[in-house]
Each structure stands twice: as structure tokens, then as C-alpha cells.
Amino acid sequence: MHQKEQVIAPILQRELGLKLSVPPHFNSDRFGTFTRDIPRPGEQLETARLKAQAILEEREEKIALASEGSFGPHPSLPWLACDRELVLLLDHRHQLELVGQAISTNTNYGQQRVTTLDEAHTFAEKSGFPEHGLVVRPDRDQHDPLWKGITDAEQLQDCVQTLLQQQGNAWLETDMRAMYNPTRMQVIREATQDLVRKIRQTCPHCHWPGFDVVGRNPGLPCAWCGQPTLGILQQIYRCQSCSHEVIEKYPDGRETNDPSQCPYCNP
Ligand SMILES: [Zn+2]
Ligand SMILES: [Zn+2]
């Protein structure tokens with residue numbers, strides 16, 4: 001519904017020879033909307049999986065692809081907003097699930113209550129309007145009226161003005177649907193490239209695709225005292241098919257940790 005195929009399909013066609021078609025009349029909004037008028041049935045990965053499974057059930061296809069985005073504070077830099085995009089491939093015949101991921105702090109994700117038209121214009125400018133769409137509503141969790149996909153300055157002014165007259169303020173947010181958000185489209189492209197990379201990463205034992213990291217263990221020794229720190233010592237790759245494991249030591253390219261990160265040398 002949100003034209004993500006524009007960035008996903010060419011990559012899968014070129015890199016994997018997969019021909020993607022968008023199922024007609026498939027209402028992906030029933031799996032939740034960014035404007036929260038329809039809640040998401042589960043967390044991000046689960047929702048992407050539900051979408052892909054629905055396609056396999058409704059149509060006689062063997063492979064389905066679904067994508068799901070999520071916006072909020074960055075997992076390790078909570079003062080920054082970030083966009084986490086997943087692109088999931090489900091291969092029913094081979095019981096194969098592969099997930100490409102991209103996390104980016106390059107997002108216009110934001111919301112604000114405004115009490116004047118000037119404030120609305122400032123928010124719009126900061127949000128990359130009109131290339132990026134906006135949403136206007138009475139309040140964060142009030143869905144009536146709900147104007148989505150605003151890309152026209154006059155329409156923006158009309159919606160805000162209506163609410164200002166009615167209640168003295170208006171709630172503005174960035175429209176995060178892909179076709180109204182070119183910045184998000186770019187992150188979806190990166191997640192698709194990550195999916196291709198994962199499909200190509202095969203198990204050294206049985207050649208099953210998607211040989212990927214399943215865990216990272218801390219314990220990198222301190223450069224001074226040699227005691228284990230929280231730095232990553234090794235990461236573990238595991239095959240989804242034969243469970244073959246490979247342990248990669250020093251995945252971050254260093255064999256000791258800085259003493260400033262050591263609980264003994266720098267408590
Ligand atoms: Zn294997
Ligand atoms: Zn130390």
C-alpha cells in the first residue's frame with residue numbers, strides 16, 4: 001500500500017532474480033498504522049512475519065516478502081530518534097526465514113503540539129515538508145479528524161487553522177508511510193541490501209543461506225590487567241538448518257579493551 005516495492009523489487013530482481021509482485025487488494029493497514037488508529041498486532045519482527053504469512057495463505061505462492069518499520073529512541077543513543085527497518089523473506093517450501101535490517105538516525109521522525117500557524121510552518125520546515133508528508137490531528141491519541149499525507153502548504157494551513165479555531169492548538173506529526181517519506185525509503189533500501197547479503201552468507205557445512213550472527217559474548221581482556229571487560233570477545237554464527245556453529249574471535253578487530261572500560265583499572 002505504501003509503494004515500498006519501488007526500492008525493494010529492483011534490488012531483489014537484480015541480485016537474486018526474484019520477481020516481486022504486489023498482491024492486489026492486500027490491506028496491510030490491518031497490521032497496524034503509524035498514526036495508531038489501528039494498533040500493531042505484535043512487535044516489529046512478529047508483525048512482518050504475520051504479513052508474509054498472510055500472503056502465503058491468501059495466494060498460492062512459495063515465497064513472500066514483507067517489510068516493517070519502527071521509530072523511536074536509538075537503542076544505544078537514546079537521545080537520538082532512529083528508524084529501524086526490517087525486510088523479511090519467508091520461503092515456505094524450505095522453511096526458511098531471513099531478515100534484513102537497517103538502523104538509521106537519519107530520520108525526520110517527530111511530533112509537536114502547535115498553537116500558532118508560525119509554529120506549524122517551523123515544524124513543517126524542520127520535517128522536510130513538502131517532500132515529506134505530514135499528519136494533523138486534534139491530539140496525539142485522537143483519531144478524528146485525522147488528516148494524513150499532507151504535502152500541500154495550503155492544505156496544511158487549512159487543517160491547522162481549523163483546529164486552532166476549534167480548540168486553540170493542533171497536533172502535528174511526520175507521516176512515516178514510505179511513499180510520503182523519501183528518507184525512510186532510503187533506509188528500506190539499506191535493509192533490502194542487508195537481506196541480500198544475508199541470503200548470500202551460506203553455512204560452511206551444508207550451504208544453507210542465512211548463516212548469521214546469533215549471539216555476541218563479552219569478555220574482551222583489559223589491555224593493562226587482562227581481566228575480562230564488557231567489550232565483545234567473540235560472536236557466534238549458527239546455521240538455521242543444521243545448527244553448525246562458527247565462533248569468530250575479536251569481531252570488532254581488537255584483541256584488548258581500553259583500560260578506561262575495565263571495571264578493575266577504572267572502577
Ligand atoms: Zn548448515
Ligand atoms: Zn584492567
Side-chain angles (χ1 to χ4, degrees), residues 8-9 11-20 42-57 60-68 74-78 84-103 190-267:
I8 298 175
I11 296 174
L12 296 188
Q13 165 85 55
R14 188 180 64 231
E15 302 292 332
L16 305 171
L18 270 181
K19 270 203 188 105
L20 226 69
E43 54 90 44
Q44 188 178 9
L45 177 60
E46 194 187 330
T47 303
R49 192 178 289 138
L50 285 173
K51 281 185 192 171
Q53 282 166 347
I55 293 285
L56 291 178
E57 276 160 28
E60 304 247 312
E61 297 287 356
K62 294 181 184 70
I63 294 179
L65 197 110
S67 135
E68 187 73 15
H74 190 278
S76 49
L77 311 164
R84 179 179 186 233
E85 296 292 340
L86 299 183
V87 178
L88 175 140
L89 182 140
L90 207 57
D91 181 336
H92 186 58
R93 203 168 26 157
H94 298 104
Q95 294 292 308
L96 186 64
E97 178 187 286
L98 295 159
V99 184
Q101 190 185 171
I103 293 181
E190 287 164 24
T192 310
Q193 284 156 347
D194 185 56
L195 174 69
V196 169
R197 189 185 60 76
K198 283 199 181 146
I199 290 173
R200 291 207 172 127
Q201 223 160 272
T202 54
C203 171
H205 185 67
C206 76
H207 307 295
W208 197 254
F211 193 67
D212 199 14
V213 174
V214 293
R216 279 162 71 82
N217 296 336
L220 195 65
C222 166
W224 282 357
C225 71
Q227 299 275 3
T229 68
L230 288 174
I232 299 301
L233 176 67
Q234 54 187 30
Q235 58 186 14
I236 301 146
Y237 290 77
R238 187 183 300 133
C239 174
Q240 284 189 35
S241 177
C242 75
S243 299
H244 176 69
E245 278 190 2
V246 170
I247 292 173
E248 181 193 10
K249 266 196 142 183
Y250 313 123
D252 297 331
R254 45 195 187 128
E255 299 187 10
T256 56
N257 207 353
D258 193 276
S260 68
Q261 306 294 314
C262 173
Y264 306 98
C265 298
N266 188 20

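Atoms within each ligand, like the ligands themselves, are counted from 1 in listed order. Computed from a prediction, not measured in an experiment: that's the story for all the values here.
Rounded to 10 degrees, the SG-metal-SG angle spanning Cys225 and Cys222 at the Zn ion (ligand 2) equals 110°. Seen from the Zn ion (ligand 1), atom SG of Cys242 and atom SG of Cys239 lie 110° apart in angle, a value rounded to 10°. With the Zn ion (ligand 2) as the vertex, SG of Cys262 and SG of Cys265 span 110° to the nearest 10°.
For Gln240 (side chain) and Glu97 (main-chain N/O), a donor-acceptor pair under 3.5 Å exists by modelled atom type. Between the side chain of Asp194 and the main chain of Gln101, a donor-acceptor pair closer than 3.5 Å is present. Thr256 places no side-chain N or O within 3.5 Å of a backbone atom of Pro221 that could act as its donor or acceptor partner.
Between the Zn ion (ligand 1) and His207 there is no N/O/S contact shorter than 2.8 Å. Among the backbone and side-chain atoms of His244, no N/O/S atom is found under 2.8 Å from the Zn ion (ligand 1). For residue His205, no N/O/S atom approaches the Zn ion (ligand 1) to within less than 2.8 Å.
The aromatic rings of His244 and Phe211 sit parallel, their planes meeting at an angle under 30°, below the 60° perpendicular limit.
For Lys62 against Arg93, the heavy-atom pair with the smallest separation is CD-NE, 3.6 Å.
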